[in-house]
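Below is one structure, written out as structure tokens; the observations come after it.
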There are 4 protein chains.
Amino acid sequence: METKTAFAQGQLRGLVERIERLEEEKKTIAADIKEVYAEAKANGFDTKILRKVISVRKKDHAEREEEEALLSLYMHALGMAPDLEEAPAAAQQA
Amino acid sequence: METKTAFAQGQLRGLVERIERLEEEKKTIAADIKEVYAEAKANGFDTKILRKVISVRKKDHAEREEEEALLSLYMHALGMAPDLEEAPAAAQQA
Amino acid sequence: METKTAFAQGQLRGLVERIERLEEEKKTIAADIKEVYAEAKANGFDTKILRKVISVRKKDHAEREEEEALLSLYMHALGMAPDLEEAPAAAQQA
Amino acid sequence: METKTAFAQGQLRGLVERIERLEEEKKTIAADIKEVYAEAKANGFDTKILRKVISVRKKDHAEREEEEALLSLYMHALGMAPDLEEAPAAAQQA
DNA sequence: CACTGGAAAATGCCGC
DNA sequence: GCGGCATTTTCCAGTG
């Protein structure tokens with residue numbers, strides 16, 4: 001049955017193209033990041049430390065999210081509404 | 001001198017935010033890629049092979065670029081002008 | 001229970017020593033390689049190109065292996081027995 | 001003049017072979033190290049921590065050597081004999 | 001002596 | 001849940 005194979009081929013082609021397209025974007029962004037670090041260095045910042053800063057903050061975020069997830073879990077367990085994304089109006093000004 | 005430090009702080013903040021923003025985007029794209037693979041699997045494709053296909057194609061591209069770079073290196077080593085992008089017509093007589 | 005801990009300590013010590021010994025050897029070899037490059041340079045070879053030669057050859061080897069791995073992967077995917085290293089006689093009946 | 005070129009070629013070949021031989025050895029040792037880590041894990045050790053141990057000790061050694069080098073430098077500056085490798089007999093028992 | 005590029009190490013991800 | 005693999009990050013040597 002030729003059509004089935006042909007269909008699969010077309011599908012495969014589509015998948016490959018989508019993935020390659022996305023990877024291309026990812027690569028572009030990675031390059032952008034590299035550029036920002038270069039700019040930082042040009043402005044006298046120590047990139048090694050800068051990277052540390054980023055990674056520490058990332059870890060903090062992860063912890064925070066974990067805590068929130070945990071909280072959400074508890075709320076669920078208690079039958080209360082959780083997870084109101086983008087909290088109900090109001091201002092944002094840390 | 002406070003102003004200088006303050007300036008550096010503002011600059012640092014900006015850099016950190018830009019990087020974090022970009023990393024966020026990168027993460028999103030990575031998730032998209034994952035999704036495509038999931039979709040592929042759902043349609044009966046062997047993701048392991050699909051990944052291999054992608055990686056082989058990537059390698060091929062890299063190889064082409066590598067060859068050009070290599071040629072350029074040799075040209076340099078031989079004292080010949082390389083890398084005339086889209087050589088602007090005209091002759092090159094040794 | 002002291003003995004168990006003591007045992008673990010001894011074991012740990014052994015592992016650390018073995019690793020450190022191996023890393024030492026590795027370091028020595030790296031130094032040897034450096035020496036060979038120095039000798040090459042002293043004999044008028046362009047080390048940059050020499051390095052390139054080495055890396056290209058390495059890549060070629062890797063490619064060969066990659067092809068075999070790829071073939072093996074396909075064979076697996078097709079449900080065929082692969083990788084019968086110097087097939088040890090005897091039959092293989094599906 | 002053919003002979004000169006031929007000689008260079010032979011020399012180049014020799015260099016390449018020596019380097020490749022050494023890199024092969026290095027690779028083997030790296031594999032050995034990996035094996036030791038695997039064995040450690042099989043015996044219930046946390047490889048991540050084990051790696052940390054190794055790296056800390058390495059840093060310690062480096063510092064120690066630096067200190068010794070510095071000491072040696074001072075000794076030299078003072079016209080005193082430095083660097084008696086393998087200290088003169090006596091026991092070693094930390 | 002700072003920068004670039006390549007090797008090594010560490011991390012995360014996927015399939016079993 | 002683990003082991004292997006791919007990617008990413010870190011480190012270091014060579015170069016200008």
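Below, read A as the first sequence line, B as the second, and so on, with proteins coming before strands; counting in each chain starts at 1.
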Does [X] reach a base, just sugar-phosphate, or nothing at all? Heavy atoms under 4.0 Å.
| X | value |
| --- | --- |
| A:K48 | sugar-phosphate |
| B:K58 | sugar-phosphate |
| C:S55 | nothing |
| D:K52 | nothing |

* For DNA chain F, whose closest nucleotide is more 5', that of C:K34 or that of B:E23? ->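 Of the two residues, B:E23 wins.
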* Toward the 5' end of DNA chain F, by each residue's nearest nucleotide, C:E66 or D:A42 ->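 Its nearest nucleotide being more 5', the pick is D:A42.
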Rounded off to whole Å, could you give me the [atom1]-to-[atom2] distance for the [X] and [N] pair?
| X | N | atom1 | atom2 | answer |
| --- | --- | --- | --- | --- |
| C:L70 | F:dC5 | CG | C1' | 15 Å |
| C:K59 | E:dA7 | NZ | C1' | 13 Å |
| A:K27 | F:dT8 | NZ | P | 12 Å |
| A:K26 | E:dC13 | NZ | C1' | 11 Å |
| D:Y37 | E:dA8 | OH | P | 15 Å |
| C:L50 | E:dG5 | CG | C1' | 17 Å |
| A:D46 | E:dA2 | CG | P | 11 Å |
| B:E65 | E:dG5 | CD | P | 14 Å |

Do the side chains of [X] and [Y] get close enough for a salt bridge, i.e. N-O under 4.0 angstrom?
| X | Y | result |
| --- | --- | --- |
| D:E23 | C:K58 | yes |
| D:E17 | D:R21 | no |
| D:E63 | D:K59 | no |
| A:K26 | B:E25 | no |
| C:K52 | B:E66 | yes |

* To do: Determine: side-chain N/O of A:K41 to OP1/OP2 of E:dC3, distance under 4.0 Å, yes or no.
  =>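 Yes, within the criterion.
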* Can you check whether D:R51 has a side-chain N or O nearer than 4.0 Å to OP1 or OP2 of E:dA9? ->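 No, no such contact exists.
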